[in-house]
Protein chains: 2
Amino acid sequence: MAAARRSPRLKDVAEAAGVHISTASRALNERTAALLNPQTLERVRETADGLGYRVNGMARALKTRRSLSIGMVVPDITNPFFPPTVRGAEDVLDRAGYSLLLSSTDNDLGKARRQVAAMLESQVDGLLLAMALRDDPLVNELRSGNAPLVLVNRTIDRGGVSAVVPDDFHGALEAAEHLYSLGHRRLAFVGGPLATSNGARRRASFDQTVARLGLKEVAALEAVAFDEDAGYATAQDLLTRHPRVTGVVAGNDLLAIGIIAAAAERGIACPQDISVVGFNDMLLAGRLQPPLTTIRIPQYDVGARAAELLMSLVDDPDRNPETVLISGELVIRGSTAAPRAAD
Amino acid sequence: MAAARRSPRLKDVAEAAGVHISTASRALNERTAALLNPQTLERVRETADGLGYRVNGMARALKTRRSLSIGMVVPDITNPFFPPTVRGAEDVLDRAGYSLLLSSTDNDLGKARRQVAAMLESQVDGLLLAMALRDDPLVNELRSGNAPLVLVNRTIDRGGVSAVVPDDFHGALEAAEHLYSLGHRRLAFVGGPLATSNGARRRASFDQTVARLGLKEVAALEAVAFDEDAGYATAQDLLTRHPRVTGVVAGNDLLAIGIIAAAAERGIACPQDISVVGFNDMLLAGRLQPPLTTIRIPQYDVGARAAELLMSLVDDPDRNPETVLISGELVIRGSTAAPRAAD
DNA sequence: AGCGTCGATGCAAACGGTTGCCGGCAGACA
DNA sequence: TGTCTGCCGGCAACCGTTTGCATCGACGCT
């Protein structure tokens, strides 16, 4: 039983093929292979295959200063918004020959800082951050650093850094107008934390839209997080203080679910008694009870575009920051309906 | 405007602190710090902080042969089963100081092979594979390699490699018995690919259970994948060939959703006309229409245990392979009910 | 005073590649 | 046959750390 010997190094390949180590290096490198005599090339490649040679990426990275890996940090991969986004990023990175280092921060700054530090230590060639606050200390530290950076899904208020985010403004506008056009006049907004760009922007858009429509009875609340529990808790508050509300636009789908649950618990049925529109159109949103009317954001594309942007930043670090808005569209399903006639 | 200079190296810190580079190295390393004079130690650490020094992980890894990263490959991070599993792994790895390299293979062997090769090149210290077939060429290649390996969620038939998988057998048994105890006598099984351990094991368990219960009218079909579309397609087939079936155990929750959709399309309502039990209890399973009765597998734990196992394998590569079964429990919700009285 | 001990630090050789530069050799040409 | 031209491939430095070993000064002891 041959003990699992240490894997062969370039030197071993070179010796076996009877060439100098530098020649072996060139043979195994797409870009430099052309410099070699075709026969030598072939010979080296064959012996490399025979030996099961595999380049040591760390050694290569050390020399070339390119790790071919990028780091992505999300609040929580378990939140249904992120898997498609991660997948989009993964796919374009993969095509570009890069690997993805992933981590979840739970919106904990300390944790995020540690994880990003670890990624930087492992010499990632760039960073995809999906956890930014509007005024984010970590992002501020990083923007002056030398790793290319692109923000995903959320951005910061002061620009100067590349980002790929949904068109929050237009989305929330469509949501509110949809409710209005169904006949709702007493609307509420239950959004995510105002400290995030999409919390704030969707809120601003809602406010502006209801003002434009001339609605008087409106309420706007801020949930502590973009999740079901926060939606539930905030809706309790809403329904107590504004029991006459008939339509609510939620900061995202998870909030919408929590809102619907809180309403149901009080005997307020969706969509009969209250209409709710979500945001994102996460996976399975159409299979829920009730199927969610929502603003569909192409989550995969968000990740993919962000990765593309990052790749171009890696190639040209002096490229100007750019923020791309991914637009969404209203998807009408079962969680919205006209208000009761009596209303 | 100071151009972003290259980040400081250990040498820079050493010079700034007036010590030799090796002393600086020892100062910055927990394990060797005790060797130094406390004052020197302090001085070095302060100058390192001042310079914003950050160790170059690649150089360190090259020397120490430990990258402190592990690779995880899943079929598709977009499949709701995986995010919690990935998260579980991530959390324990993070605590152990490791980073996670993630990739999705779409059950494509070539792609998986390339991705694993990339991970191995980047010198991961271990591999978490969640895409194994019962007889998997890639796993076979890898088991003889020198990277510790643990299979997640699915395992191979011939043992010899560590794995953390759900207790498929017990789960499917409980599902079938639940339907039986509700009064169903004409059961069907719509499972995932038999080439996977959980496809095959759940199927075997179903077969054995219905035999034990003495049921005659049973059917068992194999879907081409563990997803909604496959469930839908397979259910079409099932409902055509076995229209009298009243209860079906599905290979997982996504298949269950597809089955319910196919039934609904034919006017067969769940749970009134047909009962369906899923597997996994994925996120939001309880919020679907109808809320899914399912076998709950603690997906987070699967990933966490797998990561723990891998860590112990990294520490002691000669440790014996071990497979741990994570047990599930039946969660009764709205997709199952007694068959119609007339039945 | 000489010597052994010991704590603190310096020295230099790796780790496994990449790459600018240079030299050698073959073929062409006169 | 001597020189020039190119193509191939060797040489060696370097990427940034870690670490076994050597060194060195101080100190205690006889």
Side-chain angles (χ1 to χ4, degrees), chain A residues 5-45 47-48 51-69 118 120-125 146, chain B residues 5-45 47-48 51-69 118 120-125 146:
Chain A
R5 190 182 308 285
R6 225 176 49 223
S7 24
R9 299 159 306 167
L10 195 49
K11 191 177 171 210
D12 302 322
V13 176
E15 281 169 4
V19 298
H20 190 266
I21 179 176
S22 66
T23 304
S25 170
R26 287 192 259 258
L28 269 14
N29 216 308
E30 236 12 280
R31 199 171 34 76
T32 48
L35 297 176
L36 300 192
N37 179 314
Q39 296 174 26
T40 319
L41 180 60
E42 184 62 12
R43 182 157 41 95
V44 174
R45 289 204 164 153
T47 56
L51 264 50
Y53 173 73
R54 180 167 277 151
V55 345
N56 182 322
M58 317 241 85
R60 166 179 290 171
L62 181 57
K63 180 63 183 173
T64 61
R65 302 167 163 294
R66 280 239 174 164
S67 67
L68 295 184
S69 72
L120 257 17
E121 284 188 1
S122 70
Q123 308 296 112
V124 293
D125 293 332
N146 33 21
Chain B
R5 189 183 308 285
R6 222 170 57 218
S7 26
R9 299 159 305 165
L10 195 49
K11 189 176 172 211
D12 302 322
V13 176
E15 282 168 4
V19 298
H20 190 266
I21 179 176
S22 65
T23 304
S25 170
R26 288 190 260 258
L28 269 13
N29 215 310
E30 237 11 280
R31 198 171 34 76
T32 48
L35 297 176
L36 300 193
N37 178 315
Q39 296 175 26
T40 319
L41 180 60
E42 184 62 11
R43 182 158 39 97
V44 174
R45 289 202 165 155
T47 56
L51 263 48
Y53 172 73
R54 181 166 277 151
V55 19
N56 181 323
M58 318 242 83
R60 165 178 289 174
L62 180 57
K63 181 65 184 172
T64 61
R65 303 167 161 293
R66 279 238 176 167
S67 67
L68 294 183
S69 71
L120 258 17
E121 284 189 2
S122 69
Q123 308 298 110
V124 293
D125 293 332
N146 32 21

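Lettering follows sequence order; numbering is per chain, from 1.
Backbone-only engagement by Arg31(B) is indicated by non-hydrogen atom pairs under 4.0 Å involving sugar-phosphate atoms exclusively. Note on Ser25(B): a base of the nucleic acid sits closer than 4.0 angstrom, heavy atoms only. Using a 4.0 Å heavy-atom distance criterion, Thr32(B) is classed as making no nucleic acid contact.
A residue-by-residue look at Thr40(A) and Met58(B) shows that Thr40(A) has its nearest nucleotide of DNA chain D further toward the 5' end. Residue Leu35(B) is the one, among Leu35(B) and Ala59(B), whose nearest nucleotide of DNA chain C lies closer to the 5' end (criterion: closest heavy atom).
Ala27(A) approaches Leu41(A) most closely through the heavy-atom pair O-CD1, 3.5 Å. Annotation for Pro8(B) and Gly52(B): closest pair CG-O, 4.0 Å, computed over non-hydrogen atoms.
A donor-acceptor pair under 3.5 Å is formed between the side chain of Asp12(A) and the backbone N or O of Arg9(A).
In the set dC15(C), dT18(C), dC11(D), the nucleotide with an atom closest to the side chain of Lys63(A) is dT18(C). Side-chain proximity of His20(B) to the nucleotides dG10(C), dT19(C), dC15(C) is greatest for dG10(C). Of the candidate nucleotides dG17(C), dC15(C), dG9(D), dG17(C) has the atom nearest to the side chain of Asn56(A). Distances from the side chain of Ser22(B) to the nucleotides dT17(D), dC11(C), dG10(D) place dC11(C) closest.
Taking 4.0 angstrom as the limit, Arg60(A) places none of its side-chain polar atoms (N or O) nearer than this to OP1 or OP2 of dC15(D). Contact annotation: Asn29(A) side-chain N/O to dT18(C) OP1/OP2 distance is under 4.0 Å. A sub-4.0 Å separation between OP1 or OP2 of dG10(C) and a side-chain N or O of Thr23(B) is present.
To the nearest angstrom, P of dC15(C) lies 6 Å from CZ of Arg9(A). Distance Leu28(A) CG to dT19(C) P: 13 Å, rounded to the nearest Å. Protein atom CD1 of Ile21(B) is 13 Å distant from nucleotide atom C1' of dA13(C), rounded to whole Å. The nearest whole Å value for the distance from the CG atom in Leu41(B) to the P atom in dT9(C) is 9 Å. When the P atom of dT18(C) is taken as reference, atom CG of Leu62(B) falls 12 Å away, rounded to whole Å. What separates NZ of Lys11(A) from P of dG10(D) is a distance of 15 Å, to the nearest Å. Rounded to whole angstrom, the span from the CD atom of Gln123(A) across to the C1' atom of dG16(D) amounts to 9 Å. Atom pair Arg54(B):CZ and dT17(D):C1' shows a separation of 17 Å (rounding to whole Å applied).
The distance from atom CZ of Arg45(A) to atom CD of Glu42(A), rounded to the nearest 0.5 Å, is 8.0 Å.
Between the axis at the start and the axis at the end of the helix from dA1(C)-dT30(D) to dA30(C)-dT1(D) there is an angle of 60°, using five pairs per end and rounding to 10 degrees.
Using a 4.5 Å heavy-atom cutoff, the side chains of Val55(B) and Leu28(B) are not in contact. With a 4.5 Å cut-off on side-chain heavy atoms, Arg54(B) and Ser7(B) do not count as touching.
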inquiry  = For a side-chain contact (heavy atoms from CB on, under 4.5 Å) check, start with the C-alpha distance between Glu121(A) and Leu68(B), then their side-chain angles and the critical distance, and finish with the verdict.
reply    = CA-CA 11 Å; Glu121(A) 284 188 1; Leu68(B) 294 183; over 6 Å; no
ask   = Passes side-chain contact (heavy atoms from CB on, under 4.5 Å), Asn29(A) versus Arg60(A)? Steps please.
value = CA-CA 11 Å; Asn29(A) 216 308; Arg60(A) 166 179 290 171; 4.0 Å; yes
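Judged by distance alone, with hydrogens and angles left aside, Arg26(A) brings a side-chain donor or acceptor within reach of the base of dG10(D), the pair sitting under 3.5 Å.
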